[in-house]
Amino acid sequence: DTEVTQTPKHLVMGMTNKKSLKCEQHMGHRAMYWYKQKAKKPPELMFVYSYEKLSINESVPSRFSPECPNSSLLNLHLHALQPEDSALYLCASSQEGRVETQYFGPGTRLLVL
Amino acid sequence: GESVGLHLPTLSVQEGDNSIINCAYSNSASDYFIWYKQESGKGPQFIIDIRSNMDKRQGQRVTVLLNKTVKHLSLQIAATQPGDSAVYFCAEDAGGTSYGKLTFGQGTILTVHP
């Protein structure tokens, strides 16, 4: 089973709202990732968690706040977003966060009004 | 930063033909490469990978070739089917202090005509 699940599938929020994206995997992977993908562009890395610790933050604005409650769960808390933050947010996981395959979820389509 | 790019942004083939999607990379330190397929409205799906100590790797109907001399990666799909229509991304992992940091190419849109 190489399934990564993400909820919600779609999210519409205003610029003053607070919302959270959730990601879950049950493959025993110890590394989890958040990517942002704009239309017709490749995914861009935002954050990497390895063994539940943040190991990479690609200079993401503080209005995006990641959280890894345990090795199976990854959240992305959203606050005071801008319309340009509208995108597909992808979660991925891999064995340990080393040089290895990352498996992606279906994504959350976010629209900021 | 380092970049991974593709020579052809779109590729149109007939069903049953073989397809070749190319990718150029610029980071000579990259030691792991992955091809992903992304269908409309879905996340990227792993197709095949290759490490830098290999030149060729085969899967079911797919082959990846790595030419480190010219920093070139290609994905060959045999007997292409309409279900292969998607955007294909190459991605590289430079390893070292950038463990887990995948850099994606711009993508190639593959369209397969019945």
Side-chain angles (χ1 to χ4, degrees), chain A residues 1-7 9-10 21 23-25 27 29-51 53-60 68 74 87-109, chain B residues 1-6 9-10 21 23-25 27 29-54 57 59 62 64 66 73 86-110:
Chain A
D1 181 15
T2 56
E3 187 178 28
V4 176
T5 59
Q6 291 186 243
T7 56
K9 289 190 182 338
H10 302 275
L21 308 184
C23 175
E24 191 168 7
Q25 58 86 16
M27 295 178 276
H29 289 172
R30 302 310 300 270
M32 296 185 79
Y33 311 78
W34 280 116
Y35 286 83
K36 174 182 178 180
Q37 186 177 26
K38 301 284 275 185
K40 300 188 188 305
K41 294 291 186 182
E44 294 180 344
L45 183 66
M46 299 174 71
F47 301 105
V48 180
Y49 272 86
S50 180
Y51 289 84
K53 292 188 176 163
L54 184 65
S55 59
I56 295 178
N57 176 341
E58 289 288 278
S59 302
V60 179
C68 189
L74 186 65
L88 180 68
Y89 288 85
L90 293 161
C91 174
S93 72
S94 68
Q95 287 279 5
E96 292 186 336
R98 293 186 169 268
V99 181
E100 61 205 6
T101 304
Q102 294 181 22
Y103 295 94
F104 284 81
T108 293
R109 180 75 60 187
Chain B
E2 300 293 342
S3 66
V4 179
L6 298 174
T10 61
I21 300 172
C23 178
Y25 65 94
N27 186 354
S30 291
D31 54 7
Y32 182 59
F33 303 86
I34 310 173
W35 281 101
Y36 286 96
K37 170 187 179 184
Q38 187 172 25
E39 297 175 271
S40 181
K42 297 184 179 180
Q45 176 188 357
F46 170 82
I47 302 173
I48 193 167
D49 59 359
I50 189 167
R51 295 195 181 268
S52 59
N53 60 354
M54 302 173 70
R57 191 152 190 238
V62 294
V64 55
L66 176 63
L73 191 68
V87 179
Y88 288 79
F89 291 103
C90 62
E92 63 177 322
D93 188 325
T97 58
S98 300
Y99 275 143
K101 183 174 176 177
L102 280 184
T103 302
F104 283 77
Q106 291 305 303
T108 292
I109 300 172
L110 175 65

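Because the structure is predicted, anything quoted here is derived from the model rather than measured. Just so it is clear, the values below take in all heavy atoms, side chains as well, and ignore hydrogens, waters and symmetry mates. Sequence lines set the chain letters: A, B, ... in the order given, protein chains first and strands last, and positions in each chain run from 1.
Expressed to the nearest 0.5 Å, how far OH of B:Y36 lies from CZ of A:F104 amounts to 5.0 Å.
Heavy atoms closer than 4.5 Å to chain B are found nowhere in A:E44, neither backbone nor side chain. A:S94 does not touch chain B: none of its heavy atoms, backbone or side chain, sits under 4.5 Å away. Proximity to chain B (any heavy atom under 4.5 Å) is restricted, for A:E58, to the side chain, taken from C-beta onward.
A:L90 approaches B:G43 most closely through the heavy-atom pair CD2-CA, 3.8 Å. Smallest separation of non-hydrogen atoms from A:L88 and B:K42: CD2-O, 4.5 Å. For B:F89 against A:Q37, the heavy-atom pair with the smallest separation is CZ-NE2, 3.8 Å.
Ranking A:G105, A:G107, A:P43 against chain B, the residue ahead of the rest is A:P43, based on heavy-atom pairs under 4.5 Å. Chain B forms the most heavy-atom pairs under 4.5 Å with one residue out of A:K40, A:E96, A:Q102, A:Q6, and that residue is A:Q102.
In this structure a side-chain-to-backbone donor-acceptor pair under 3.5 Å is missing from A:Y33 to B:K101.
Of residues 45-54 of chain B, those residues lying under 4.5 Å from chain A by any heavy-atom pair are B:F46, B:D49, B:R51.
Within a 6.0 Å radius of NZ in A:K41, no more than 12 heavy atoms belonging to other residues, nucleotides or ligands are found.
Residues A:T101 and B:Y32 form a side-chain contact, since some pair of their non-hydrogen atoms from C-beta on lies under 4.5 Å apart.
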